[in-house]
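Right, one structure below, let's go through it.
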Amino acid sequence: MMHILKNRILKGVVTKHIQSELSEEIETTGLELKSLIQKKFGRSLHIREVDTGSCGACESEIISANNPIYDLQRFGISFVASPRHADALLVTGPVSKNMLIALRKTYEAMPEPKFVITCGDCALDGGLFKGSYYVEGAVKDILLVALHIPGCPPSPLSIIQVLLEFLRKETLR
Amino acid sequence: MDSSELISGIKKKLPDFNALSASQNYPDEICIKVTQQIFKDTCHALYKMFSFPVMMFFALDERKERGRFVINSVFLDFRSAKWFIVSADIPQENPCFDSLAKSMHSASLFEREIREMFGIEPKDSPDLRRLNLHDEVWPFGSYPLRKDFKAAEGGDVRDYKFGRVDGEGVFEVPVGPVHAGIIGPGHFRFSVAGEPIINLELRLGFTHRGVEKLFEGKAYSGAIRLSECISGDSSFAHSLAFTHALEKISGVSIFAQVAYLRGVFLELERMYNHVNDIGGIAIDVGFSFPAAYASIIKEAILQLNEKLSGNRYLKNVNILGGVLADIDEAKKQILLDSLKNLKQDFKELAKMLYSSVSFMDRVDATGVLRRKTAEDLGVVGLAGRASGIPIDLRKHFSWVYKEAKFKIAIQESGDVLARLRIRIFEFEESCRLIEEFVGKLSIDGKIRVSAILKEGSALGYAEGWRGPVLYWLKTDSAGLIERCKIVDPSFHNWQALSYAVLGEIIPDFPLCNKSFDLSYSGNDL
Ligand code: SF4
């Protein structure tokens with residue numbers, strides 16, 4: 001317990017400890033995002049992630065976006081364990097044949113209104129795995145995709161920024 | 001041990017043994033060719049000689065050029081720091097071989113893979129179920145790694161049958177493929193009697209993307225980029241093992257500067273993953289402060305990676321004959337300064353965990369993998385070392401590590417705590433190694449030697465953070481890739497999880513799972 005208290009005090013709030021330009025960027029991006037989410041989704045946007053054959057680096061960056069430095073949650077975006085609780089589906093990886101049914105079922109399990117986001121080059125069109133005998137190809141050929149986050153993998157900051165950009169456009173519509 | 005010593009060694013176990021040929025193509029690699037009839041016995045003899053399971057076992061389709069299939073098995077003798085490859089031709093009509101799996105369990109998964117990918121039958125095999133080509137979606141009779149494969153032809157598909165545990169009060173808990181966390185897909189089927197797990201069947205293959213086929217026909221530069229996307233948390237180890245194979249075939253020797261730089265990057269990859277898992281273990285027992293603390297350390301390493309190499313996951317660093325990222329004086333300073341902070345933070349993290357009685361209570365004696373089980377299954381790397389198997393390729397093969405007086409981490413108890421301790425020890429050792437390597441870097445050291453890829457074959461390897469990453473590579477006369485067999489340590493180690501959880505309760509499963517932290521995509525390929 002002593003160690004925890006000591007480290008809690010010594011570390012302070014890390015979200016501000018990273019280089020100032022970066023921290024400011026996250027702050028402004030995020031606060032804007034928060035107010036948009038408040039308006040649009042009634043305070044919180046819940047995302048369910050599905051890996052349909054990713055290498056794992058996209059997952060790692062999505063998890064990083066939730067770490068204390070980027071702390072996506074403070075803006076009202078959280079990742080949920082069940083599709084039943086989700087507003088959005090975030091898909092990573094080229095779609096392996098083995099994941100096609102699971103992807104569809106996860107989407108179907110989500111309540112309306114719902115939308116799909118793809119994350120990483122693989123999910124856009126198969127990426128490096130395009131043309132493989134076991135890859136179904138682009139997620140957008142299977143489900144209606146509202147937004148793509150490019151990168152291999154996209155950095156946590158670009159995940160936050162692309163989400164913001166999208167939500168801004170959506171609210172203006 | 002050279003090839004004649006090897007043959008006399010085999011003869012002690014198999015008096016009328018005769019090799020068709022034996023050759024030492026590289027200082028660390030000896031190939032012996034035998035007939036199909038004695039392939040199984042030869043493999044067993046090597047298994048007994050080295051008391052070490054098969055590390056790779058795979059097939060090649062050479063029907064077009066030579067009218068045959070070939071099967072190769074790879075053994076490791078860490079004492080003499082050599083790899084032994086046993087090879088046999090398989091006629092193309094009615095292709096089959098005697099199954100090794102009955103007396104050498106570590107061959108079982110490989111045989112199932114050879115069967116589903118090539119249609120070569122392991123005779124008398126105890127288990128013939130397919131691994132990655134799922135019965136529900138892929139027709140029987142289509143073999144994607146055969147050279148003449150074009151597209152799946154419409155044979156039958158069927159439902160997959162899980163093993164069943166019957167008995168009063170036994171019930172099944174199916175989990176996956178989509179899990180609750182932000183993580184890869186796999187199916188776990190638990191049979192429980194009351195609270196304790198009495199059986200766990202793993203079904204993987206959900207992220208199968210057919211990568212070995214994608215390598216075929218590729219030029220090496222594109223193929224290196226592909227190797228970085230096999231298992232995203234081991235991008236560097238994978239591209240390193242792959243370039244190692246390329247460099248052996250090309251016959252180039254890299255500059256010392258490159259060896260040190262690669263050492264630095266390999267250890268950075270180990271560090272961010274180890275600290276990530278330490279945090280994961282903490283979160284799986286609900287200990288969230290250290291978990292958050294660990295994720296701050298991980299983020300710091302990822303940012304350091306980017307500063308040094310231009311990429312958070314160390315992609316685009318390895319090339320044939322060298323690396324693309326040098327560490328100059330300025331970067332050296334950044335690296336050393338960051339290391340100082342990382343070491344300090346990490347020490348605090350370890351202290352928080354070790355001093356929490358309730359945390360230690362959860363990890364101590366949980367998820368035990370016994371040494372005998374680990375050996376039979378062929379468990380490698382970190383999980384192997386936590387169960388007392390003293391193998392680390394860095395210790396046995398690499399001169400830069402020998403020079404830096406690398407210390408191997410070993411634990412005996414095989415529980416979650418042992419795997420945690422290995423990680424903590426290795427993280428600290430990695431910091432020390434990086435400092436050693438950085439001290440050896442010269443200001444204007446060359447980081448690339450030009451090389452031309454020839455025709456040939458070789459085994460490339462690297463000790464990634466999970467364990468040995470192996471690439472067996474064959475190139476054609478145009479320098480294109482003809483066959484690339486990949487073995488990620490996860491392939492050896494997934495089965496171990498279903499033994500480690502026996503007798504534990506389901507709520508402890510995530511903890512056990514995280515303590516191994518195996519790759520879905522590296523396993524499924
Ligand atoms: S986009 Fe890149 S990082 Fe993401 S899953 Fe695909 S290969 Fe991995």
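Order of the sequence lines sets the chain letters (A, B, ...), proteins ahead of strands, with each chain counted from 1.
- Per-residue heavy-atom pair counts under 4.5 Å with chain A were compared for B/Lys298, B/Lys213, B/Arg312, B/Lys315, and the maximum is reached by B/Arg312.
- A cation-pi contact links B/Arg158 to B/Phe140, judged by a cut-off of 6.0 Å to the six-membered ring centre and 45° from its axis.
- Of the listed residues (B/Glu306, B/Glu228, B/Lys351), the one with the most heavy-atom contacts under 4.5 Å to chain A is B/Lys351.
- Across A/Ala57, A/Gly53, A/Cys55, the residue that shares the most heavy-atom pairs under 4.5 angstrom with chain B is A/Cys55.
- Looking at B/Phe287, the atoms closer than 4.5 Å to chain A (heavy atoms on both sides) all sit in the side chain, from C-beta outward.
- Heavy-atom distances place the backbone of B/Asn132, and not its side chain, under 4.5 Å from chain A.
- Neither the backbone nor the side chain of A/Ser82 comes within less than 4.5 Å of any heavy atom of chain B.
- Remark: the B/Asp488 side chain and the B/Ser490 side chain contain an N/O donor-acceptor pair separated by less than 3.5 Å.
- A/Ser64 and A/Glu61 form a side-chain donor-acceptor contact under 3.5 Å, judged by distance and modelled atom types alone.
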>> Evaluate A/Tyr134 against B/Leu525 for side-chain contact (heavy atoms from CB on, under 4.5 Å), listing each step before the verdict.
In response: CA-CA 11 Å; A/Tyr134 222 71; B/Leu525 297 178; over 6 Å; no
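- For a residue to count as touching a neighbouring chain, one of its non-hydrogen atoms must lie under 4.5 Å from one of that chain's; by this rule A/Val95 does not touch chain B.
- Distance SG/A/Cys58 to OH/B/Tyr313: 9.0 Å, rounded to 0.5 Å.
- Ranked by non-hydrogen atom pairs under 4.5 Å with chain B, the options A/Ala102, A/Ser60, A/Gly56, A/Gly93 are led by A/Ser60.
- In this structure, the portion of A/Lys6 lying under 4.5 Å from any heavy atom of chain B is its side chain and not its backbone.
- Between B/Trp138 and B/Phe149, the ring planes lie tilted relative to each other; the angle falls in the 30° to 60° range.
- For the residue pair B/Asp524 and B/Thr207, a side-chain donor N or O sits within less than 3.5 Å of a side-chain acceptor on the partner.
- In this structure, the portions of A/Phe129 lying under 4.5 Å from any heavy atom of chain B include both its backbone and its side chain.
- The pair A/Arg104-A/Glu136 does not meet the salt-bridge criterion, since no charged nitrogen lies less than 4.0 angstrom from a carboxylate oxygen.
- Contacts of B/Pro177 with chain A are made by side-chain atoms alone, with heavy-atom separations under 4.5 Å and no backbone atom involved.
- Note on B/Ser235, B/Ser231, B/Ser142, B/Gly232: by heavy-atom pairs under 4.5 Å with chain A, the leading option is B/Gly232.
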